[in-house]
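Presented below is the structure to which this report refers.
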Amino acid sequence: MLGMALAALDSTIIATAVPQIVGDLGGFTVFSWLFSGYLLAVTVTLPVYGKLSDTHGRKPILLTGIVLFLIGSLACAGAWNMGSLIAFRVLQGLGGGALQGTVQTIAADLYPMKERPKIQSKLSSVWAVSAVAGPGLGGLLTTYGDWRWIFLINLPVGTVALWLIIRHFHDTRRDRPTLTTDAPGQRTRVDWPGALAIFAAGGLLLTAVVQGGTAWPWLSAPSLLLLTGSALATAATVLIERRAADPIIPGWVWRRRTISAVNLALGALGLLMVAPTVFLPTYAQAVLGLAPTAAGFVLSVMTLSWPISAALSSRVYNRIGIRNCALLGIGAAALVLAAFPLLPYPGAAWQPALLMLALGAALGLFQLPLIIGVQSSVGYAERGTATASILFCRQVGQSLGAALFGAIANATLNDRLTHAPAAIRAGLPHDLDAVSHALQHAGALVTGTADYLRRAVATSVEHVYLGAAAAAALAFLAVLLLAPRRFPLHAEAHPGAGATGAAGATLTSAADEDGGNGDDGTDTGCNATDRRTDRRAD
């Protein structure tokens with residue numbers, strides 16, 4: 001949890017320090033890469049670290065991730081200009097990718113399926129606390145100290161995490177992966193060409209969607225070149241991975257219905273999450289007139305109900321199954337998102353807060369059971385790769401969602417501004433950021449302009465939420481049409497289990513190779529077949 005806290009806190013604590021950073025280092029035109037560079041590094045390294053954790057074990061990958069993150073944090077604190085700070089943020093992201101995927105995988109290694117909702121909800125609570133406390137802590141450090149302390153604070157937390165992991169975490173590898181070797185006794189070879197191809201394809205694509213429509217127009221030469229380069233790198237990745245003896249992203253990730261359905265569903269989840277996390281704070285401040293702290297509270301209620309719902313989700317999927325539990329959660333989420341445009345204008349703060357409370361509860365029933373279902377359908381030697389593929393698809397969905405919904409919001413807003421009454425049209429701003437800034441100084445606007453702008457922002461955010469509801473519908477269809485009725489359970493061989501455990505593992509593996517439809521497997525609602533991971537007592 002301390003290791004996860006490094007990545008979780010870093011994504012929120014820096015937001016409030018941006019004005020001080022820009023004032024000290026300059027680089028206002030490129031400061032968004034403080035976030036984008038970190039996101040790129042995390043996203044494209046997730047599948048690489050997942051495969052490496054399956055090959056070399058979880059502990060060395062987790063320790064490597066923490067060390068890289070701490071080196072990046074120390075370097076960020078010593079940055080001398082915006083370019084160096086962005087480069088060191090990318091280094092932080094290289095460590096953050098190892099933290100996010102490996103911690104989730106270790107949770108599945110250490111706990112049997114019926115206990116995983118509890119531990120996963122605790123991990124989710126780390127993100128919830130960071131979402132609430134991060135901006136305030138960042139503001140406190142920059143107000144009474146220096147912005148460099150937002151990076152230096154990672155050092156004591158990371159050092160304690162390193163000490164605890166080295167001392168107490170024993171990575172007992174029960175299922176040894178089959179070695180791909182040229183000689184007996186040689187270690188598994190790492191598919192570095194595949195890793196570089198994945199990095200190039202993901203990096204070019206995410207750069208295109210992050211910068212497109214912001215740094216340059218969507219149909220401009222930079223966007224087209226980046227998208228073309230990403231397509232070529234993706235084609236090269238497929239060719240390399242097909243020929244690799246031990247590929248970074250094996251074909252079974254997409255051939256098995258269980259994993260491919262969840263990947264698509266959580267990609268859609270990343271897409272829809274952009275609506276509340278990016279656009280709701282703007283709505284709360286521009287339309288409802290709330291201060292930044294109060295606007296953050298409207299969003300934070302979702303992060304409070306999510307882990308609680310996730311912790312209780314086992315009571316639901318043990319009765320109705322993982323697939324039906326996920327359908328219930330994402331179906332409810334679609335209704336909540338579609339209800340947002342029905343809120344009265346201007347309304348009260350408790351109304352969107354209540355919707356976000358319901359959305360968090362719905363998504364807790366959706367995401368966690370699917371992650372647990374995938375992790376329980378594979379053995380140790382495949383769990384890191386499977387978990388990383390899920391997180392990778394969710395991150396890519398979130399990046400695509402930011403570009404897509406940003407375009408929707410700006411198109412709606414531009415339409416409202418273009419058709420504004422002639423009396424106020426001349427003094428109107430021309431994009432969402434400028435509108436938010438203008439509303440902060442509403443007293444300087446012509447009479448009637450502020451209310452018109454608030455209504456325009458409200459309409460833009462409503463359209464975004466309708467798009468998010470459509471993304472939730474896509475996730476619903478992915479689970480309904482592609483996921484197996486019963487998620488297969490991987491009967492991992494337990495020391496001393498004898499022939500029964502070995503036979504169970506063989507049968508499950510055979511079913512997985514046949515596509516993993518799980519229709520003849522044991523329903524995950526039955527926990528009698530769960531086997532507790534063998535752990536050494538300290």
Side-chain angles (χ1 to χ4, degrees), residues 43-44 46-51 54 101 104-105 108 191 194 197-198 201-202 205 234-235 237-242 244 246-273 317 321-327 329-331 363 366-379 381-401 471-490 508-521 523-524:
T43 303
V44 299
L46 274 169
V48 177
Y49 284 125
K51 183 62 180 180
D54 285 340
Q104 296 278 3
T105 305
D191 177 27
I198 293 168
L205 174 63
T234 300
T237 300
V238 173
L239 293 176
I240 292 171
E241 296 297 86
R242 282 183 174 180
D246 199 15
I248 292 292
I249 302 182
W252 55 261
V253 168
W254 294 106
R255 285 196 299 267
R256 298 182 192 175
R257 287 177 54 193
T258 302
I259 302 175
S260 60
V262 172
N263 283 346
L264 293 174
L266 290 196
L269 172 65
L271 197 70
L272 73 86
M273 281 302 298
Y317 69 68
I322 283 180
R323 179 173 176 265
N324 291 336
C325 180
L327 289 174
I330 197 61
L363 294 179
F366 170 68
Q367 177 181 259
L368 183 58
L370 290 180
I371 293 177
I372 290 175
V374 166
Q375 290 178 332
S376 301
S377 70
V378 296
E382 298 175 338
R383 190 171 291 136
T385 299
T387 302
S389 72
I390 296 171
L391 300 178
F392 175 77
C393 289
R394 189 181 66 187
Q395 291 281 92
V396 171
Q398 190 169 353
S399 300
L400 294 175
L474 291 176
F476 184 93
L477 291 175
V479 176
L480 178 66
L481 301 179
L482 300 178
R485 286 188 304 107
R486 300 187 177 197
F487 277 54
L489 282 178
H490 186 282
T508 305
S509 297
D512 283 345
E513 290 300 324
D514 192 37
N517 59 26
D519 289 345
D520 296 326
D523 192 346
T524 49

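In terms of heavy-atom proximity, A108 sits nearest to Q375 at CB-OE1, 3.2 Å. Taking each heavy atom of T258 and S377 in turn, the nearest pair found is CG2-OG, 4.1 Å. The two residues V262 and F487 come nearest to each other via the heavy atoms CG2-CE2, 4.1 Å. Between A478 and A261 the shortest heavy-atom distance is O-CB, 4.0 Å. When all heavy atoms of F392 and V44 are compared, the closest pair comes out as CE1-CA, 4.4 Å. Closest non-hydrogen pair, L480 versus R323, comes out as O-NH2, 2.7 Å.
Residues V479 and L482 have side chains not in contact (no heavy-atom distance under 4.5 Å, counting atoms from C-beta outward). L266 has its side chain within reach of F366: a pair of non-hydrogen atoms, C-beta onward, lies under 4.5 Å apart. Looking at heavy atoms from C-beta onward, E382 lies in side-chain contact with R256 at the 4.5 angstrom threshold. Side chains of I390 and L370 form no contact here, defined as non-hydrogen atoms less than 4.5 Å apart. Side-chain atoms of T387 and V374, non-hydrogen and from C-beta on, never get closer than 4.5 Å to each other.
Remark: side-chain polar atoms of R383 are paired, donor with acceptor, to backbone N or O of V378 under 3.5 angstrom. Judged by distance alone, the side chain of R394 and the main-chain N or O of G270 form no donor-acceptor pair under 3.5 Å.
S389 is linked by a side chain to side chain contact (heavy atoms under 4.5 Å, CB included) to V253, I259, N263, counting only residues two or more places apart in sequence or in another chain. With sequence neighbours excluded, the residues that form a side chain to side chain donor-acceptor pair (under 3.5 Å) with Q104 are Q120. Checked against side chain to side chain donor-acceptor pair (under 3.5 Å), T385 has the following partners two or more places apart in sequence or in another chain: D54.
Going from atom CD1 of I330 over to atom CG of L474 covers 10.0 Å, rounded to the nearest 0.5 Å. In this structure, the separation between CZ on R242 and OG1 on T237 is 12.0 Å, given to the nearest 0.5 Å. Annotation: the span from I322 atom CD1 to L327 atom CG amounts to 12.0 Å, rounded to 0.5 Å. Between atom OG1 of residue T105 and atom OH of residue Y49 there is a gap of 13.5 Å, rounded to the nearest 0.5 Å. I198 CD1 to E241 CD: the interatomic distance, rounded to the nearest 0.5 Å, is 4.5 Å.
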